[in-house]
Amino acid sequence: MAIKGNTELTFTEKKFIIIIAGTPGAWKTSTALSAPNPLLFDFDRGISRVRPEHRRLTAEEESYDEFLADLESEEYKACETVIIDTCGSLIQLMQPWARANDQKAARDGRAMFGVIKSEFLRLMEKIRSDGKNIVILFHTTEVQKGDLLMTRLSCEGSVKDIVWTPADLGGTITVRGKKHIINFSPTEETFGKACYGIRGEYEIPELAPGAPNKFLTDLFEKARGNIAKEQAEFCSMKLIYDETIASGTGIIAGITDAETATAAVTKLGNLKHALTSKAELSGKLQTRVKDLGLKWDKSISAYVKA
Amino acid sequence: MSKLKITHSLLASYMYATDSESPDGAWDRFLKVLNREGEPDTPAMKEGRRFEAEVNRVAAGYPSEEVAAVEFGRLLDGGQPQVRMEKVLHVSGLDFNLVGVADYIKAGTIYDIKRVQRYEYGKYQRSTQHPAYFRLCPEANTFVYLIHDGKFNYQEHYLRADTAPIEPYIMLFTEFLKTNKLFDIYREKWEER
């Protein structure tokens, strides 16, 4: 049976989808290669800029069909992480494929990007269902908005917008002096996606000769630990939440008039609340009293006929 | 004691009107909101309400042919729709009654359904909605925008820990009204006794 309650779930084998953005030279590829057992799809031909000892299995694709074929290879099956370097270049590689495979896309640029969008979602789902981590790299571009210079993902079409939905984490690398900082929290200037207790800024360690490259491996491990901790905390809260919602729903179902509605307010207040049970039961109460044509009279602290 | 009612929509309207990149008409729309003048529904507003109603139907257990509504409705199943919340805040020496209606609240998360014409990731990053609703519902730690552009569904997630408080927005809004001699209109139209 595949169906599990949210207190029965475990995340020890959890895989991650992470977006990393930054300008050229921000250490995007090196950082991506610090993920567990990676296979790099080097659409940007940038592997030469990575120190030789830190290079890993790399595919340099000539076409999108070749890329799809490599997703059936033994090397792909054996890897734990797929790196898309960069997503903007992958989208360019997909364009002739979309035009060749869809008549409307061949005639209409907008239709072509629609085909690419759907294919990109299918691709993400395939890699994810194959049990891989996915690291998606983007170059960045700067956009002036009023007084602010904002950093945006550089990529044609709307994949740069949909890619955030399946992603667990997303961060932009900025270079401050000699430090390379990735920020997972959204700021005025940059996008970010924080989750599983991974939020705010992290300094990416410089890779000295002989130094292990394991920034993302450690980050994923930390995230898994945080998920387990959050899950344990959530489970204990969820048990109280479920009981409180059930009790509160029963109390509200028993409201028939102004008197029972007023009494229900005290009963609901006395319940042991967890998560958002108080707000949710307040919403249920609002609906019930409205249906019965009652309103709260502040002067007597009681419900009366509206 | 009197309080000034304030909503995320009013703050959003003010921020939009004062954004240098907003189109013509943003200022006039803000003045209409400030004066609490209703505007006729646009087709986009009607479509937004229709989509939200369809999501609500799915969340309530009814079938739907609309894939986007089914996806969001299933996510919201078991949550509480339309939760009205209010909280009195003391800002800049004034009492404000912050009011908001959450589309859904479910097990620690607030959800808001958006039907848009065009979407770009980060659309809601600078919105006052999640700061306002986090203030209204202190038990919620996550706010999720569920966005549909007519073709695709998207989500934007915001965490309480990454969200600025709402009070500075209210403070700036108040100062702006006073500077532009609009505060008396605000008091006249939005004061609650």
Side-chain angles (χ1 to χ4, degrees), chain A residues 6 19 114 117-118 121 143-148 150-153 158-168 170 183-197 199-200 230 234 237-238 241-242 245 248-249 273-287 290, chain B residues 15 18-22 71 78-87 100-111 116 118-127 130 133 136-147 149 151-164 193:
Chain A
N6 56 7
I19 295 166
K117 200 173 185 179
S118 301
L121 289 172
V143 178
Q144 189 78 38
K145 186 161 171 44
D147 295 336
L148 280 176
M150 303 172 95
T151 298
R152 294 288 175 263
L153 303 184
S158 51
V159 163
K160 62 182 179 295
D161 301 314
I162 57 166
V163 71
W164 291 93
T165 299
D168 298 291
N183 191 351
F184 292 104
S185 296
T187 68
E188 288 270 288
E189 292 86 17
T190 60
F191 289 149
K193 188 168 183 180
C195 208
Y196 315 129
R199 51 180 297 274
E230 283 176 5
F234 178 78
M237 301 282 271
K238 184 71 168 48
Y241 167 87
D242 286 338
I245 291 287
T249 304
H273 287 284
L275 300 172
T276 43
S277 61
K278 194 174 175 182
E280 289 175 56
L281 289 172
S282 165
K284 285 186 199 297
L285 178 65
Q286 288 164 25
T287 307
K290 193 178 168 192
Chain B
M15 288 179 70
T18 54
D19 185 332
S20 60
E21 295 189 1
S22 291
E71 185 186 320
Q80 176 59 36
Q82 296 299 304
V83 182
R84 187 180 191 279
M85 304 172 287
E86 54 181 273
K87 182 158 284 197
V101 180
D103 282 349
Y104 272 86
I105 302 182
K106 181 180 170 182
T109 301
I110 302 170
Y111 296 89
V116 297
R118 190 175 166 276
Y119 175 70
E120 194 173 80
Y121 185 80
K123 189 178 176 89
Y124 301 102
Q125 188 162 316
R126 300 174 75 194
S127 171
H130 54 283
Y133 284 33
L136 288 167
C137 186
E139 303 86 5
N141 283 319
T142 311
F143 189 106
V144 179
Y145 293 94
L146 300 173
I147 307 141
D149 67 358
K151 203 169 178 188
F152 289 93
N153 281 356
Y154 310 84
Q155 293 183 24
E156 282 188 28
H157 292 237
Y158 292 93
L159 305 178
R160 174 181 294 281
D162 290 328
T163 301
R193 292 182 191 283

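Each chain gets a letter, A, B and so on, in the order the sequences are listed, and its residues count up from 1.
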Over 12 non-hydrogen atoms of neighbours within 6.0 angstrom of NZ in K278(A): no
By a 4.5 Å heavy-atom criterion (distance strictly below it), what part of [X] contacts chain B: side chain, backbone, both, or neither?
{"X": "T249(A)", "answer": "neither"}
{"X": "Q286(A)", "answer": "side chain"}
{"X": "L121(A)", "answer": "side chain"}
{"X": "T287(A)", "answer": "side chain"}

Please report the interatomic distance [atom1]([X]) to [atom2]([Y]), rounded to the nearest 0.5 Å.
{"X": "T165(A)", "Y": "H157(B)", "atom1": "OG1", "atom2": "NE2", "value": "7.0 Å"}
{"X": "M150(A)", "Y": "Q125(B)", "atom1": "CE", "atom2": "CD", "value": "6.5 Å"}
{"X": "R118(B)", "Y": "S158(A)", "atom1": "CZ", "atom2": "OG", "value": "9.5 Å"}

Charged N to carboxylate O below 4.0 Å: is that the case for E188(A) and R126(B)? yes
Would you name the heavy atoms of [X] and [Y] that are closest together and state the gap between them?
{"X": "A161(B)", "Y": "R199(A)", "value": "O-NH2, 2.9 Å"}
{"X": "L275(A)", "Y": "G108(B)", "value": "CB-N, 4.0 Å"}
{"X": "T276(A)", "Y": "A107(B)", "value": "OG1-N, 3.4 Å"}

Quick one: list whatever passes salt bridge (Lys or Arg N to Asp or Glu O under 4.0 Å) with D161(A), sequence neighbours left out. none
Side chain, backbone, both or neither: which part of [X] has a non-hydrogen atom closer than 4.5 Å to chain A?
{"X": "E120(B)", "result": "both"}
{"X": "N141(B)", "result": "neither"}
{"X": "I105(B)", "result": "both"}

Kindly determine whether E139(B) and H273(A) satisfy side chain to side chain contact (heavy atoms under 4.5 Å, CB included), including the steps that lead there. CA-CA 10 Å; E139(B) 303 86 5; H273(A) 287 284; over 6 Å; no
Taking the inter-plane angle between the rings of F191(A) and Y121(B) on a 0 to 90° scale, is it parallel (under 30°), tilted (30 to 60°) or perpendicular (over 60°)? perpendicular
Partners of F152(B) by ring pair (Phe, Tyr, Trp, His ring centres under 6.0 Å), sequence neighbours excluded? none
Should P186(A) and Y158(B) count as side-chain neighbours, where that means a heavy-atom distance under 4.5 Å? yes
